[in-house]
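Counting starts at 1 for both ligands and their atoms, following the listed order.
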Amino acid sequence: MHALRDHDQAVAQLRRSYAAVPPGKPVRLAKRTSNLFRPRSAPRTPGLDVSGLVGVLGVDRAARTADVQGMCTYEDLVDATLPHGLMPLVVPQLRTITLGGAVTGLGIESTSFRNGLPHESVLELDVLTGAGEIVTARPDGPHADLFAAFPNSLGSLGYATRLRIELQPVRRFVALRNVRFTRLEALTDAIAEVTATRAWAGEPVDVMDGVMFSPGEAYLVLGSFTDDTGRVPPSDYTGQDIYYRSLRRRTHDLLSTYDYLWRWDTDWFWCSAAFGAQHPVVRRVWPARWRRSDVYHRLVRLEHRHRVAARIDRWRGQPERERVVQDVEIPLDRTADFLRWFAHTVGMAPVWLCPLRLREPDGPGSARAWPLYPLRPGRDYVNVGFWGSVPIAAGAADGDVNRAIEREVSELGGHKSLYSDAYYDRVVFDRLYGGDTWRTVKDRYDPDHRLTGLYEKAVARQ
Ligand SMILES: Cc1cc2nc3c(=O)[nH]c(=O)nc-3n(C[C@H](O)[C@H](O)[C@H](O)COP(=O)(O)OP(=O)(O)OC[C@H]3O[C@@H](n4cnc5c(N)ncnc54)[C@H](O)[C@@H]3O)c2cc1C
């Protein structure tokens, strides 16, 4: 745990490095990891020093809360809470996603059908604003406008330096049922039932996500926390076995809670295949400590820089490829339509499915809305995630497939998260992502617009 005095010094260091950025020059975090996917313009000024803001300040077991620094990774956060039998209400699947990143850039996981998104269990947060001040924002009080607008602002309003979050009790294992569906409507009916009753076939459900391999073959993974292993040894997907493949092979499974939380990180869902890491021979020699999403992410960044694969494709006479890396939220009652459209038009598989409903802390009807990512309270959604590339068809342009996805998502009443490529024009973007609210809050907390704007970050790749 970090001492509070060290925290104060780290914040002072951050403020000094912010003051040192010349006016008019872009402000960037100097951070070792990132889970952003869009390429960005290279920084020309030194980044903000956040090196002292990567830890957990304290866990209050009785109150079930934690005080956490803004750039603490979920990997370190979980390491600090699990020994207390507690975990954050939503733990994004990739180990190096930070708490501040998930709150400002949105995150989602298999507890989201009952706990909503990571920002919905934040009790208060300290923010270094664009004006260079530290303010503490809470749901009520003088900075409630910043608290509401921070989620999905992607660091355009300020940087979170400390967050107090709620925690939930957890057991040592997760017992899983992999339920197969051959009709998408049957799958979405099952999601509706589990979301409403938090049970399936008479057994409780604490966690729910799923994978579609094709419209005729999809799985819901329904899990409950337990201390009782039934003397079955838990599975291990950090070695030769690969988690996503197990869904087709097994109807039941057991994982330690720790391994469950990071089940998708080892093979970056299924994307490690692109680096050969799922080939049995390569896998045997690929060091286990390098089977992690941040290692794959670094490889992708290298590829962005040097475009080796693209050059080999051109040399072999293959068409150029368009990157299609997106997570979209589709209303549950339109999810089957979207998945069929996606399979037909884009054709990438597998696809990750993660049901979601804004958190209702005091029962039905108690959800609040978040202006920069306006999901409708009380409505069920499914996050559909797909990460890969498709060949650019003759006569088509790079970006066409992503644009078609944006149109389809909007037509179905959905939303797209902004960590990857986006093509909206400014008017549409403002309508979809609370542009009026963002501008009002921006003018208050960053009057000189020193921090890069949301549209400039999300669409113009700055
Ligand atoms: C392939 C892929 C799959 C993904 N899948 C999931 C998923 O399944 N579940 C999920 O939850 N999320 C997922 N994400 C999205 C991820 O949660 C967001 O991109 C998140 O913002 C990343 O957090 P980070 O800490 O890595 O932030 P970075 O990538 O470092 O930064 C993201 C943005 O947030 C800003 N930022 C970072 N820290 C702070 C802070 N403390 N205060 C204010 N602004 C800050 C940065 O300026 C930047 O604009 C996925 C992303 C990718 C690329």
**Q.** Pick from I108, D265, V90: the one approaching atom 10 (C) of ligand 1 most closely through a non-hydrogen atom
**A.** I108
**Q.** Candidate with minimal heavy-atom separation from atom 9 (N) of ligand 1, of M71, E109, Q93
**A.** Q93
Q | Short N-O contact, E406 and K416, less than 4.0 angstrom | A | yes
**Q.** Numbered atoms and elements of ligand 1 in range of W352, under 4.0 angstrom, heavy atoms
**A.** 8 (O)
Q.
For Y219 and F213, I'd like to know if the aromatic rings sit close, meaning centre-to-centre distance below 6.0 Å.
A. yes
(Q) Whether R426 and E456 form a salt bridge (side-chain N of Lys/Arg under 4.0 Å from carboxylate O of Asp/Glu) is what I want to check. (A) yes
Q) Side chain or backbone of F269 under 4.0 Å from ligand 1, or both, or neither, by non-hydrogen atoms? A) side chain
(Q) As a test of understanding, state which of Y419, W264, F269, W268 forms a ring-ring contact (aromatic ring centres under 6.0 Å, His included) with W387. (A) F269
Q. Any idea which of G105, C72, S110, A160 brings a heavy atom closest to atom 42 (N) of ligand 1?
A. A160
Q) Any idea which of G70, G101, S417 brings a heavy atom closest to atom 20 (C) of ligand 1? A) G101
(Q) Using a 4.0 Å cutoff against the non-hydrogen atoms of G155, which atoms of ligand 1 qualify? (A) 43 (C), 44 (N)
Q | Atom indices of ligand 1, in the order listed, that fall short of 4.0 Å to a heavy atom of G158 | A | 43 (C)
